[in-house]
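Keep in mind that the numbers below use all heavy atoms, side chains included, and drop hydrogens, waters and symmetry copies.
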Amino acid sequence: MALVRASTVSFTYPDGDEPALDSVSLELEPGEAVALLGPSGSGKSTLLRALSGLVPHFHGGRFAGQVEVAGRDTRLERPAELACMVAMLFQDPEDQVVLDRVEHEVAFGLENLGTPPAEILPRAHAALAAVGAQHLASRRIETLSAGELQRVCLASAFALQPQLLLLDEPTSQLDPEGAEAILDLALESGAAVVISEQRPSLPLERCERVLFVEQGRLLLDAPTGTALEWLFEHRPAYLPRQPAQTGGSAVGGETLCRVDRASFSYGERSVLNDVSLELRRGEIVALTGPNGIGKTTLAKLVAGLLEPVAGQVEMPGRVAYLSQDPGRYLVRERADEEVALAVGGDLTRARRSLAAVGLSGFEHRHPRDLSSGERERLALAAVLVTEPDVLVLDEPTRGIDPVRKNELARLLRRGSDRRATLVVTHDLVFAGDVADRAVPLEVREPALA
C-alpha cells in the first residue's frame, strides 16, 4: 500500500495568476528514496508543502485534487495532526526555528508530539550527534553559521523519526563532506524521503527514482536510470558533474583588497586567526571550507561590515556585498524599485540589471512573491547595478537551478575584468566553473603570546 497518494493536485497561491501546481499525480511507497528536480520557481517547494499538508492549510489559495498520507486526507487533517508521520526541512531554515538554544529547538517538536519527558533530551542529542552537530547543543541559535543552522533543523526533523521525510534544498549550505553524510543519514532512516535539490549530483547517485517538475507540471516520474537518459536528452544541465580544478595562484591586475593577518572573535569565541588574503582586479576567487570555519566572517571583513580585532584590511575602492540570506533585506514592493535603491532610484539601470540576471519581465513583481532562487537573483541584481570595485557574494547559488548557475557564471565572468570578485561557496561545481583560483579556509589556532 502506498504511503502517499497525490491525485490531480492543483494549487494557486492567493494572489497568483498561474497555478504553482497543475494536475500533479504521484504515489510514494514506504522507505522509497526520490530526487525532486526542476528550475527555480517550478513548484518543487509547493509540491513538498502539499505532501506535508501545509498547502492548502497554511498558505490559503485555491486547491484542487487530493493528497493522502497513510490514508489520511490532508484536506481534513491539519499539518499538526500529520506531524507524527511527516517531517519537513524548509528551503530557508532561518524561517523554521522558534527557540533560542539549539537543544531546545531540536526538543521542541518532540514535546509537541507528546514524547515521554525522559526520552526528549536523549533523542534530541542523538539527532544532533547523527548530523554532526552535537557540539552545538548549548549554543544560541543566533550564533550559528547558516550551515550549522541547517544541520540543527535537519536534526529537528530526524528526531521525530517520521514515516515521510521531505527535504527542501537540504545541502544548499553544507560543505561537500557534510552534504554526503546528511543525505546518507536521511536515506538510511527507513522513512520515505523526497529530496528537492539544485545540486543534483548527490541525490541522483543515491535515489532510486526521479521526479522533474517544470511550470507546476510533473514532466518526468521514472527510475533513476531512465531519468538520466531523459535528462541527457532534455535537461543536460541537471546531469551529475565533477568539479573542475581551479588554480591557487593570484591572477589579474592591481590589488583592490588586502587582508593582512586578520583575526576576529564573536565575544569569547574566536573565529578567524591570522588570516591573509589578496583580491586583484580581473580575478574571481572562490572561498571554500567547512561549515562554521569563518568564511562569512572573512567576507564581512572584506566588505567592511566587520573590523578585525587584530591585523588589518585595506580596501581602497567601492565594495558591494550580497549576504547569505538576501531575502531578509528586501524592503520595497516592486523588484525594479528594490534594485534602483542602490543607484538613486534609476529605474532604467535597475531594469537592465534585472535583465542581466534573467529577471526581465519581473519588474513589477513583489519581491516576497518570488521563489527563493528568484529572490537570490533579485538581490544579485541589486549589488551588480552599483558596478563595484570589489564584489563579495556569500553563497550566491543557494536555491538557483543548474541552468541559472551556468548563466550566473557567465555573467560574473563577463564583468570580471572591471573588478575583483570573492565568491563564498560550498558548490564546488560552480566554483570550478567561475573561479580563477580557490582559497580553502582552514582552522588556525591563535598564536601564543
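- Each of L256, I284, V285 was checked for a side-chain contact (heavy atoms from CB on, under 4.5 Å) with L279, and the lone residue meeting it is V285.
- In E337, the CD atom is crowded: over 12 heavy atoms of neighbouring residues, nucleotides or ligands sit closer than 6.0 Å.
- Taking a cutoff of 4.0 Å between a charged side-chain nitrogen and a carboxylate oxygen, E387 and R318 do not qualify as a salt bridge.
- Other residues, nucleotides and ligands contribute over 12 non-hydrogen atoms within 6.0 Å of the CD atom of E27.
- More than 12 heavy atoms of other residues, nucleotides or ligands sit less than 6.0 Å from atom CD of E29.
- A salt bridge links E283 with R437: at least one charged nitrogen is closer than 4.0 Å to a carboxylate oxygen.
- Between R349 and D336 no salt bridge is recorded (no basic side-chain N to carboxylate O distance below 4.0 Å).
- Under a 4.0 Å N-O distance rule, the pair K405/D433 does not qualify as a salt bridge.
- In the displayed structure, E142 atom CD is contacted under 6.0 Å by more than 12 heavy atoms of other residues, nucleotides or ligands.
- Other residues, nucleotides and ligands contribute more than 12 heavy atoms inside 6.0 Å of the CD atom of E314.
- A cation-pi contact, defined as under 6.0 Å to the ring centre and within 45° of the axis, links R49 to F90.
- The pair E180-R206 meets the salt-bridge criterion, with a side-chain N (NZ, NE, NH1 or NH2) lying under 4.0 Å from an Asp/Glu carboxylate O.
- Between R404 and E407 there is a salt bridge, since a side-chain N of the basic residue sits under 4.0 Å from a carboxylate O of the acidic one.
- Using a 4.0 Å cut-off between charged side-chain N and carboxylate O, E68 and R5 make a salt bridge.
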